[in-house]
Every structure is written in structure tokens, then in C-alpha cells.
2 protein chains.
Amino acid sequence: MARDLTKEKVVATAAELANKLGDIQQLKLKDLAARLKIKVPSLYNHVKGLDGLVHALRVHALRILEEELRNVMAGKTGRDALMSAADSYRAFAHQNPGIYPLIIQAKGIDAETEKVSRDILTLFLLILGSFGLEGDEALHTVRGLRSLLHGFVSLELAGGFALGLELTDSFERLLSTFIDGIEP
Amino acid sequence: MARDLTKEKVVATAAELANKLGDIQQLKLKDLAARLKIKVPSLYNHVKGLDGLVHALRVHALRILEEELRNVMAGKTGRDALMSAADSYRAFAHQNPGIYPLIIQAKGIDAETEKVSRDILTLFLLILGSFGLEGDEALHTVRGLRSLLHGFVSLELAGGFALGLELTDSFERLLSTFIDGIEP
DNA sequence: TTGACAAACTAATTAGATTAGTTTATAAAT
DNA sequence: ATTTATAAACTAATCTAATTAGTTTGTCAA
């Protein structure tokens, strides 16, 4: 039977489906299998069940985010770099509403997930370094930055903000306030 | 059979169980029924299935948070009020890790949920008012505040922060930075 | 004492994930 | 060209969880 289906295609299709649904809980193996034109048990040749799929989707999401952040940051420093990274983070969440929430669930972690997470952290620390932040100071600050980014986009995705006010304005003000607070 | 079991007891027990498990996904009707010493279908006399239970838990969570915020804010203004509210928000999340995440999922809302959500928003706006913030300015700021609170506690609960640095220190620095940014 | 009703029960159904065991297409080795 | 090994498909069966249907029972009010 050896078809040209790979684990990568399975994961990419699952990501597409999850993002279209907007919620990973609604992604069913039945639908994924149908989309791939195979039967459900055949999925197990590629991923270790639903748990394995979710793990793979998490790594997939982290990799995309890492790459986008790295690209957009290239050659920038300070406020410019931070603003670009923040916009890119938010855009990633908008484009991947289904799998976005996976990137923070880092509880039972495998080595691969940890590595990509650490790479992303390093990118943020690089930006903060260009503000002159080092050591514990930088670590506290990166926690703050991640909090505000994750908090804003997840509230936004969940429809948690009332209407009537530009979301992008709110986001840029929040970042401005934060940057003003960390600038020397 | 008319026992002394009420919807309130069902919901309170479900909240307990969810918080002990630390994740609402792991709350099974089987376990809830067992804890209440009834069979699973009997739960349907009190809540409309799992969906109804989750709705009730969301309102339950929002009510607890609203009351705790209101209590802790009583008689305080400015920095003092904001710090107390923030600590109380974070403490609520720590004490209710299972049901905490429900409070931001405000997508398909009923009137009751909306009301309590709005009450909480009003409390935050009250605090910001004591900083002299009004109108759109206040609304943008409250979005920022909610973002940073939700982002921090959800990352913290998900184990998303690396070890080795006091979480409470990070939280207080973040709040300080934010408050410095909104003070006149 | 009876009748209505709320709240319990058992039994059956549905949805979804998973496991067991079988078949088949490809590709390498004879 | 034939055989053989293997990966990847399949069908069938099982398990868990939620839900629905239909029945029984305890309490309270007439």
C-alpha cells in the first residue's frame, strides 16, 4: 500500500483543519482521516493516536512561530525589533487560532518541544539585550513580555474583549507602555 | 427519591473536582456522579449535560472572582487598589486552576455570564478611574490590564515559565511597570 | 390515602478513540 | 522474473464517555 503520505502531511493537514475549526478540541480523527482519504486506524501508522498528534502539532506550531519571529527580527534592534516581534506573534495567533493555544501548554514536555521553546525564548532575550537588559532583569522582563503577548492574543481569540474599540490600537498602546517601562 | 441534592451542590462539587484535577478536560461525569453518590444519568436532573455543567461552572467561577475582587478593593484606590486586585486575581487562579480558564471563554454567552463579566469589568474600570482614566483611554487600559493578568497566570498555571526565578517577583515587576506607565 | 412530581434508576444508543489482526502494494534481493 | 520483507493500508472488535429513553420510587400536598 505504501502511499506517499508522510507524518508531515498528516500534521500539516491536521493543523489546517484545526485552524479552520478555530479550536483543537473540535478536531476529530474521523475528519482528519477523511480529509486524507484514509480510514481512522491508518492514522496510527503516522502518529501515536490523538495525544501523539497534539504533541506533533505543538512542535509544528512552535517551529512556525520561531521561524517567523527570526525572519521578522533580522537586522532590527530595540523598539523596532520588539514591535515587529510582537506584531508577528499576534499575526501568528490570528493565522493559527486552532493550534496557537498549544504553544503554552509546556507541562509534560519532550526534548524537541523544549528545544524550540528555548529557541523562541532566546530570540526574545536577544531583543531585550538590545535594550541593555541582562541576567535576572532580562528574565523577569521576558516573563512580562510573554504574559502580555499571550494574554492579549488569547483574550482576543476567545472573543473576550468587548467590541467598539480597535483591537490593534489597544495592542500597540499596551506595547508602548511596556517598552516605555523597560527603556533606560 | 427527592434527595437534598441541589444544582448548587452539583456545581460546587464539580468545581472542587476540576480544581483538584487542575484541568477541566479531565473532569468526567462518571467521577462527578460517583462523588455525589448517584449514577451518571441522574446528573441530567440538575444540569443540561456536560455543556450545561461547564456553563454553570463558568458563572460559578466568575461570581467567586467578582466577589473576591470586590472585597479586596473595598476602600482602596490607585496603586493600592490595583495591586490588591491583581494579587487577588492571581490568587483566584491559583486556588481554582481547573475552572480558571473558563472565565475567558466568553464566545457563546448567555445573559447571566455576560452580566457577571460586565460587573468584573466595571470593578477594573473603577480602579482605573481612580488613576484619572476615563472613556476610550480607560477601555484600552483595561484591555492591557486584563491581558497581562490573564497572560501571566495562565502561563504560570501551564508551567510555561522556566524555574529558577521567583514568580511573585516577576508578577510584581510587571505590574509596577504597567502602573508606572498609566500614572499621570 | 391517593395522586402528582421530582429525582433517582436501568438499559440502550451514539460518538469517538484505540487495539488486534489481516491484506496489499512497493521495492529490494535472488 | 520471482520471491520476500515491510510499511501502510484495511476491517472488525473493544473501550470509554456522554447522552437519551423509559421506568421506578420517595415525598409532599390535596
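Keep in mind it's a predicted model, so treat the numbers as computed, not measured.
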K.L.:
Hey, does the Lys NZ or Arg CZ of Arg90(B) hover above the aromatic six-ring of Phe171(B), less than 6.0 Å from the centre and inside 45° of the axis?
P.N.:
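Cation-pi check for Arg90(B) and Phe171(B): passes.
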
K.L.:
Rounded to the nearest Å, what distance is computed from the CD1 atom of residue Ile38(B) to the C1' atom of nucleotide dA6(C)?
P.N.:
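In whole Å, dA6(C) C1' and Ile38(B) CD1 are 13 Å from each other.
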
K.L.:
Take Leu57(A) and Leu53(A) through the test side chain to side chain contact (heavy atoms under 4.5 Å, CB included) and record every step on the way to the result.
P.N.:
CA-CA 6 Å; Leu57(A) 282 171; Leu53(A) 179 62; 4.1 Å; yes

K.L.:
With the side chain counted from C-beta on, respond yes when Leu174(A) and Phe178(A) share a heavy-atom pair under 4.5 Å apart, and no when they do not.
P.N.:
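Heavy-atom side-chain distance check fails, nothing below 4.5 Å.
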
K.L.:
When the distance from CG of Asp4(B) to C1' of dA8(C) is rounded to whole Å, what number comes out?
P.N.:
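Taking CG of Asp4(B) and C1' of dA8(C), I get 13 Å after rounding.
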
K.L.:
Nearest whole angstrom, please: distance from the P of dG16(C) to the CG of Leu32(A).
P.N.:
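Answer to the nearest Å: 14 Å.
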
K.L.:
Under 4.0 Å between a side-chain N or O of Lys30(B) and OP1 or OP2 of dA17(D)?
P.N.:
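Looking at the OP1 and OP2 atoms of dA17(D), one of them is under 4.0 Å from a side-chain N or O of Lys30(B).
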
K.L.:
So, OP1 or OP2 of dA9(D): does either fall under 4.0 Å of a side-chain N or O from His46(A)?
P.N.:
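Yes, because at least one side-chain N or O of His46(A) sits under 4.0 Å from OP1 or OP2 of dA9(D).
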
K.L.:
Looking only at side-chain atoms of Leu29(A), point me to the closest of dC9(C), dA17(C), dC10(D).
P.N.:
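Nearest to the side-chain atoms of Leu29(A), counting from C-beta on, is dA17(C).
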
K.L.:
Is there a side chain to side chain donor-acceptor pair (under 3.5 Å) between Glu112(B) and His55(B) once you walk through the steps?
P.N.:
CA-CA 10 Å; Glu112(B) 202 175 9; His55(B) 263 89; over 6 Å; no

K.L.:
How close or far is atom P of dA7(C) from atom CG of Leu36(B), stated in whole angstroms?
P.N.:
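One finds 14 Å between P of dA7(C) and CG of Leu36(B), rounded.
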
K.L.:
What is the distance from CG of Asp31(B) to P of dT16(D), rounded to the nearest Å?
P.N.:
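Value for this atom pair: 13 Å.
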
K.L.:
I want to verify a distance call: between dA18(D), dA12(D), dT10(C), whose nearest atom is closest to the Pro41(B) side chain?
P.N.:
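It is dT10(C).
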
K.L.:
Salt bridge (charged side-chain N to carboxylate O under 4.0 Å, His left out), that's the test. Do Glu67(B) and Arg63(B) meet it? Break it down for me.
P.N.:
CA-CA 6 Å; Glu67(B) 194 186 334; Arg63(B) 287 221 184 95; over 6 Å; no

K.L.:
Expressed as a whole number of angstroms, how long is the span from Lys39(A):NZ to dG21(C):C1'?
P.N.:
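My rounded result for the distance is 18 Å.
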
K.L.:
Between dA8(D) atom P and Lys7(A) atom NZ, what is the distance in whole Å?
P.N.:
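Rounded to the whole Å, the gap is 12 Å.
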
K.L.:
Can you tell me whether the side chain of Asn45(A) and the base of dA7(D) have a donor-acceptor pair closer than 3.5 Å?
P.N.:
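Result: no qualifying N/O pair found.
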
K.L.:
Quick one: is dC9(C) close enough that its OP1 or OP2 comes under 4.0 Å of any side-chain N or O from Ser42(B)?
P.N.:
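So the side chain of Ser42(B) is within the cut-off, an N or O lying under 4.0 Å from OP1 or OP2 of dC9(C).
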
K.L.:
How close or far is atom C1' of dG16(C) from atom NZ of Lys28(B), stated in whole angstroms?
P.N.:
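In whole Å, dG16(C) C1' and Lys28(B) NZ are 12 Å from each other.
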
K.L.:
OP1 or OP2 of dT20(D) sitting under 4.0 Å from any side-chain N/O of Tyr44(B)?
P.N.:
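The answer is no; no side-chain N or O of Tyr44(B) sits under 4.0 Å from OP1 or OP2.
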
